[in-house]
Amino acid sequence: MTSTCSDRHAPDPEMGSQRQLELLARAEHLRVFFNHSLMVLLANLAGGAALAAGLWSAVPRQQLSAWLAILVLFNLARWVKGRQIAQQRLDRSLVEQQDRLLLFATLTSGLIWGSAAVLFYVPGQPAYSMYLALILVAMTAAATALLSFHRLAYPVFVTPIVLPLGLQLIADQGPSSTAVALVIPLYYSLLLILSRQIYRFSHEAILTSLIRERHALIDHLTGIPNRRAFEEFLEKEWIRSMRSRRPLTLIVSDIDDFKDYNDRYGHTVGDAILRSVASLFHVAARRRTDLAARIGGDEFAIVVPETDRAGVAAIIASIESGRARLAQDTSKPWSFPTLSFGFCTVTPSDSASVFALYEAADAALYEAKSAGRDGTAACDPQ
Ligand code: GH3
Ligand code: MG
């Protein structure tokens with residue numbers, strides 16, 4: 001699964017992980033859906049063209065042309081919007097909004113097709129009415145696979161088509177229309193069940209993939225990305241920054257005298273402190289392009305692309321002010337430990353390496369430790 005969802009890299013340790021997984025799964029459903037915008041456009045254009053060609057001589061042409069124009073314009077607009085959304089990173093705040101947009105667009109599409117059943121049904125002309133029914137039924141069948149990637153989209157699309165078509169067929173009272181009208185509820189129910197099953201199957205597959213991905217890339221204790229995620233991200237950002245000739249900063253940090261904390265207060269307290277520090281780093285890496293990770297026992301890092309010295313200072317200041325707030329909490333029998341920081345900014349080139357960047361940031365951290373801890377050091381510019 002190749003999701004671009006930024007939340008995958010930066011989960012909120014304070015958020016219920018089950019709820020977060022559900023949101024990520026919904027984002028993935030939406031991504032798959034919007035990635036197929038071109039297929040949806042082509043299916044609608046083909047269906048519209050077939051309907052217009054078959055009924056051209058049987059229904060008022062002005063009405064048919066207007067309907068076709070609305071169908072084409074609506075689907076072109078939906079395709080443009082779908083392409084835009086497919087290229088966006090779907091984070092939590094956007095999932096709800098785009099979910100609603102998708103349902104609104106699907107309902108509108110269903111109503112446009114459903115209006116064809118009202119406008120272009122030719123009573124007493126079985127050849128034309130059966131042709132119209134065939135096109136509408138084909139549209140609902142074609143939509144089964146694609147719209148089933150969303151939990152509600154399929155019924156929202158199909159109901160406004162099937163209902164008016166069924167009513168027209170019943171009202172017509174011809175033998176063939178009555179026979180088709182009787183089959184429609186069965187057909188409708190079967191397709192709804194099928195769509196539900198496809199949705200469940202895809203949802204399970206997405207959840208399984210997300211859980212696997214989470215286990216591989218997320219640190220279990222703190223809920224933020226682990227060393228593997230950090231290394232993958234740093235390498236990708238290195239290549240990206242080399243192409244754009246923009247600076248890349250790596251901040252590394254280590255808790256001061258953490259062994260003493262564990263020895264004095266026990267591992268449970270130590271674990272709670274690690275989680276709080278992870279949360280401070282996660283909040284400080286607030287831009288979507290940054291990544292905070294736990295890269296070792298009590299070691300954390302933030303990868304910060306395209307940021308000047310003031311930006312780096314602001315990130316460290318944000319962590320420090322959060323830490324100071326926690327240190328003021330007198331309700332606990334322990335005071336919050338201090339942190340040391342080392343950072344390095346380079347503009348990646350062929351003559352440098354991502355490993356050298358890491359080494360330089362680590363050397364700066366060592367310098368901060370040697371200078372008495374609870375401080376920050378920048379790397380040697382060389
Ligand atoms: P320094 O200021 O030089 O960093 O001193 P330090 O005592 O922090 O030394 P160091 O960073 O080498 O020690 C890391 C400690 O982190 C060792 C281990 O007890 C602790 N640690 C590592 N992983 C975990 C963990 O998952 N939970 C807890 N509670 N402690 C951990
Ligand atoms: Mg330490």
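Heavy-atom basis, side chains included; hydrogens, waters and symmetry copies ignored. Counting starts at 1 for both ligands and their atoms, following the listed order.
Among protein heavy atoms, atom 1 (P) of ligand 1 sits closest to Lys369 NZ, 3.3 Å. The closest protein non-hydrogen atom to atom 5 (O) of ligand 1 is Asp257 N, 3.4 Å. The protein heavy atom nearest to atom 8 (O) of ligand 1 is Phe258 N, 2.8 Å. Ranking protein heavy atoms by distance to atom 20 (C) of ligand 1, first place goes to Asn262 ND2, 3.3 Å.
Ring centroids of Phe33 and Phe149 are separated by 6.0 Å or more, keeping the two rings apart.
At under 3.5 Å, not a single nitrogen or oxygen of Leu221, backbone or side chain, sits near a nitrogen or oxygen of ligand 1. Ligand 1 has a nitrogen or oxygen under 3.5 angstrom from a nitrogen or oxygen of Ile255. Considering backbone and side-chain N/O of Lys259, one or more are found under 3.5 Å from N/O of ligand 1.
Partners of Arg325 under the side-chain contact (heavy atoms from CB on, under 4.5 Å) rule, at least two apart in sequence or in another chain, are Ser321. Ser176 pairs by the side chain to side chain donor-acceptor pair (under 3.5 Å) definition with nothing, not counting sequence neighbours.
Closest approach between the Mg ion (ligand 2) and any N/O/S atom of Asp254 involves OD1. The Mg ion (ligand 2) is closest to atom OD2 of Asp298 (considering only N, O or S atoms).
A donor-acceptor pair shorter than 3.5 Å cannot be found between the side chains of Asn226 and His220. Between the side chains of Tyr188 and Thr159, at least one donor N or O lies within less than 3.5 Å of an accepting N or O.
Those atoms of ligand 1 with a heavy atom of Gly297 less than 4.0 angstrom away are 22 (C), 23 (N). Near Arg373, the atoms of ligand 1 lying under 4.0 angstrom from a non-hydrogen atom of the residue are 1 (P), 2 (O), 3 (O). Atoms of ligand 1 found under 4.0 Å from any heavy atom of Asp256 (numbered from 1 in listed order, with element): 2 (O). Taking a cut-off of under 4.0 Å to the non-hydrogen atoms of Leu274, the atoms of ligand 1 that pass are 24 (C), 25 (C), 26 (O), 27 (N), 28 (C). Within ligand 1, the atoms closer than 4.0 Å to a non-hydrogen atom of Gly270 are 29 (N), numbered from 1 in the order shown.
Contact annotation for Glu299 and ligand 1: no heavy atom of the residue comes within less than 4.0 Å of the ligand. Both the backbone and the side chain of Asp271 come within contact range of ligand 1, each with a heavy atom under 4.0 Å.
If you take CD on Glu213 and CG on Leu24, they are separated by 9.0 Å, rounding to the nearest 0.5 Å. Atoms CG and CG, from Leu23 and Leu94 in turn, are 11.5 Å apart once rounded to the nearest 0.5 Å. The CG atom of Leu103 sits 12.0 Å away from the CD atom of Gln98 when rounded to the nearest 0.5 Å. We find the CG-CG distance between Leu51 and Leu134 to be 10.5 Å, quoted to the nearest 0.5 Å.
Tested against Ser340, the residues Thr376, Asp256, Asp254 include a single side chain to side chain donor-acceptor pair (under 3.5 Å) partner, Asp256.
One finds a salt bridge joining Arg228 and Glu232 here, because a Lys/Arg side-chain nitrogen approaches an Asp/Glu carboxylate oxygen to under 4.0 Å.
Side-chain contact check for Val304 versus Leu250: every heavy-atom pair is 4.5 Å or farther apart.
For atom 14 (C) of ligand 1, the choice among Asp260, Asp298, Thr338 with the nearest heavy atom turns out to be Asp298.
The shortest heavy-atom distance from Arg294 to ligand 1 is under 4.0 Å.
The Mg ion (ligand 2) has no N, O or S atom of Phe258 inside 2.8 Å of it.
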